[in-house]
Asks: 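What follows is a structure written as structure tokens; I'll ask about it next.
Side chains included, hydrogens not; waters and symmetry mates left out as well; all remaining heavy atoms used.
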Amino acid sequence: MNIVGTGKTVSSSQPKFWRKPVVRLGGSALILALLLTFVPFDQIWSAIKHIPPSLSISLLGVYLGLHLLGVVKWRLLVNVAGAELTFGQAIRCYYGGLFGNVFLPSLVGGDVVRASMAFAVSRSRAAIVLGSLVDRAEDVIGLGGIAATGALLLPSSLDPQSRKVFWAFGGALAVAGVLALGVLFAMPVRKLPFKVRRIMVKLRHASRSMYGRRGRVLLALGLGVVLQVSQVAVNFWLGEASGLHVAFGVWLFAWPLAKISALLPVTQGGIGVREVALIGLLAPFGAPSVLTAAAGLVFEAITTIGGLIAGIIAFGIGRITETQPKPFSIAQACLKDGNTTL
């Protein structure tokens with residue numbers, strides 16, 4: 001497959017089953033259908049109508065504005081690794097990634113679009129790969145930290161079994177991170193094929209560059225936490241407008257875990273998975289399923305419309321500034337055969 005505007009050829013081998021768009025769309029449709037089986041749509045629609053359209057439009061603007069923090073965070077990480085992106089280039093790639101999130105599997109599909117666009121203008125592809133991986137890892141760590149904060153704010157609301165599950169999840173993430181770093185630095189590079197050795201050497205060089213500027217990496221983590229907490233606040237606001245009155249600490253616990261669940265590449269953009277997870281996580285705290293579903297679906301609409309607007313912004317910046325691969329073309333090419341390996 002040829003990615004329009006990059007000249008890069010992507011393997012046209014048969015895509016994996018879960019990568020096929022029809023499978024991901026079917027997964028989202030199935031999950032939403034099951035949701036509406038247990039939670040009547042007329043009740044959800046009635047709750048949605050309680051949310052003023054003006055509030056939804058305002059929060060759409062807030063959502064797009066908040067992601068400027070995401071731009072700063074991602075650019076900081078890839079540049080620390082040696083990418084040397086300008087702020088304009090970073091905005092275009094990042095917002096192109098938001099556009100990709102609408103069409104590609106889970107929330108990670110947009111990362112592929114963002115990285116592929118950055119490859120065309122970056123000084124180092126390894127820096128883009130490593131910086132993007134650290135960016136996603138920091139997101140998960142930040143979400144886990146926010147959820148832990150919420151759990152600490154509500155010690156009496158979590159039963160011992162739930163606390164054990166939560167801390168086991170956190171421990172598994174920590175172990176996975178340590179193992180990934182161990183593989184990167186301990187693997188005997190000389191025994192690997194030449195092409196793999198070149199990639200590993202570049203990744204190690206970028207890793208050392210990031211390690212030498214640990215303060216900036218930690219700053220990026222802080223920016224990510226601010227972004228995620230702000231999105232929790234957006235959801236809390238939507239919940240209050242729909243009539244869902246639960247403590248902000250409960251949202252701090254539940255929403256990050258629901259977002260992490262949306263990383264599973266089984267539905268289109270995580271649609272359906274996040275809503276069902278949020279209902280399950282908020283239910284023990286007395287949150288009615290109807291109101292949780294209403295707030296979740298409105299936020300889903302905000303992220304979808306926001307992603308489409310982000311694609312227009314990315315396209316416009318490209319026309320004004322410089323020639324780069326268009327997010328529309330990349331997403332279309334990925335959808336054509338369901339392959340997201342660029």
Asks: Given Leu66 and Tyr63, is the side-chain contact (heavy atoms from CB on, under 4.5 Å) satisfied, shown in steps?
Replies: CA-CA 5 Å; Leu66 283 174; Tyr63 173 80; 5.7 Å; no
Asks: Please name the pair of heavy atoms, one in Leu60 and one in Ile302, separated by the smallest distance, quoted to 0.1 Å.
Replies: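 In terms of heavy atoms, the two residues are closest at CD1-O, 3.5 Å.
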Asks: Would you call the rings of Trp74 and Tyr94 parallel, tilted or perpendicular, where under 30° means parallel and over 60° means perpendicular?
Replies: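 Answer is tilted, since the angle falls between 30° and 60°.
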Asks: Without swapping roles, check the side chain of Ser122 against the backbone of Phe119 for a donor-acceptor pair under 3.5 Å.
Replies: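 Pair absent, no side-chain N/O of Ser122 close to backbone of Phe119.
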Asks: What pair of heavy atoms forms the shortest contact from Ser289 to Ile279, and how long is it?
Replies: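 For Ser289 and Ile279, the tightest heavy-atom pair comes out as OG-CG2, 3.6 Å.
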Asks: Could you tell me which non-hydrogen atom of Gly249 sits nearest to which non-hydrogen atom of Leu153, and how far apart they are?
Replies: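 The pair with the smallest heavy-atom distance is CA-CD1, 4.4 Å.
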Asks: Walk me through whether Phe253 and Phe285 qualify under side-chain contact (heavy atoms from CB on, under 4.5 Å).
Replies: CA-CA 11 Å; Phe253 170 73; Phe285 302 98; 3.9 Å; yes
Asks: Nearest 0.5 Å, what's the CD1-OG1 distance between Ile309 and Thr304?
Replies: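 Between atom CD1 of Ile309 and atom OG1 of Thr304 there are 11.0 Å.
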Asks: Could you check if a side-chain atom of Phe236 sits within less than 4.5 angstrom of a side-chain atom of Val246, using non-hydrogen atoms only?
Replies: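 The answer is no, as the side chains (C-beta and beyond) never meet within the 4.5 Å cut-off.
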Asks: Side chain of Ser46, backbone of Asp42: donor and acceptor closer than 3.5 Å?
Replies: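 Not confirmed, Ser46 side chain does not pair with Asp42 backbone.
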Asks: If you measure from CG on Leu252 to CG on Leu143, what distance do you get to the nearest 0.5 Å?
Replies: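 Spacing of CG (Leu252) from CG (Leu143) equals 11.0 Å.
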Asks: As an exercise, state the distance from CZ of Arg75 to CG of Leu223, rounded to the nearest 0.5 Å.
Replies: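 Result: 12.5 Å between the selected atoms.
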Asks: Could you measure the distance from the OG1 atom of Thr303 to the CG atom of Leu98? Nearest 0.5 Å is fine.
Replies: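 Reported to 0.5 Å precision, the distance equals 9.5 Å.
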Asks: Can the ring centroids of Tyr95 and His67 be said to lie less than 6.0 angstrom from one another?
Replies: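 Distance test on ring centres: not under 6.0 Å, no.
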Asks: With a 4.5 Å limit on heavy-atom distance, are the side chains of Val62 and Ser58 in contact?
Replies: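 A side-chain contact is absent here, since even the closest heavy-atom pair is not under 4.5 Å.
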Asks: Are Leu55 and Glu240 close enough that some pair of their side-chain heavy atoms sits under 4.5 Å apart?
Replies: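 A side-chain contact is absent here, since even the closest heavy-atom pair is not under 4.5 Å.
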Asks: Which heavy atom of Ser56 sits nearest a heavy atom of Ile51, and at what distance?
Replies: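 Nearest heavy atoms, Ser56 then Ile51: OG-CG2, 3.6 Å.
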Asks: Could you pull out the closest heavy-atom pair between Leu85 and Gln89, with the gap in Å?
Replies: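 Closest approach of Leu85 to Gln89: CA-OE1, 3.5 Å.
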Asks: For the atom pair OG (Ser54) and CG (Leu59), what is the distance rounded to the nearest 0.5 Å?
Replies: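 Ser54 OG to Leu59 CG: 9.5 Å, rounded to 0.5 Å.
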Asks: Using 0.5 Å steps for rounding, measure from the CG atom of Leu238 to the OG1 atom of Thr292.
Replies: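 If I round to the nearest 0.5 Å, the distance is 12.0 Å.
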Asks: Is a side-chain donor or acceptor of Arg92 paired with a backbone partner of Ala314 at a separation under 3.5 angstrom?
Replies: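 Yes, because the side chain of Arg92 sits within donor-acceptor range (under 3.5 Å) of the backbone of Ala314.
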Asks: Salt bridge or not for Lys73 and Asp139, using N-O below 4.0 Å?
Replies: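 Salt bridge between Lys73 and Asp139, a charged N being under 4.0 Å from a carboxylate O: yes.
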Asks: Which pair of heavy atoms, one from Ser242 and one from Leu291, lies closest together, and at what distance?
Replies: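 That would be O-CD2, 3.3 Å.
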Asks: Donor-acceptor check, side chain of Arg274 to backbone of Gly296, threshold 3.5 angstrom: yes or no?
Replies: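 Such a contact is absent between Arg274 side chain and Gly296 backbone.
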Asks: Are any side-chain N or O atoms of Glu275 and backbone N or O atoms of Ala293, one a donor and one an acceptor, separated by less than 3.5 Å?
Replies: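 No; zero donor-acceptor contacts below 3.5 Å.
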Asks: Indicate yes or no: at least one non-hydrogen side-chain atom of Trp251 is less than 4.5 angstrom from one of Leu278.
Replies: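 Trp251 vs Leu278: side chains touch.
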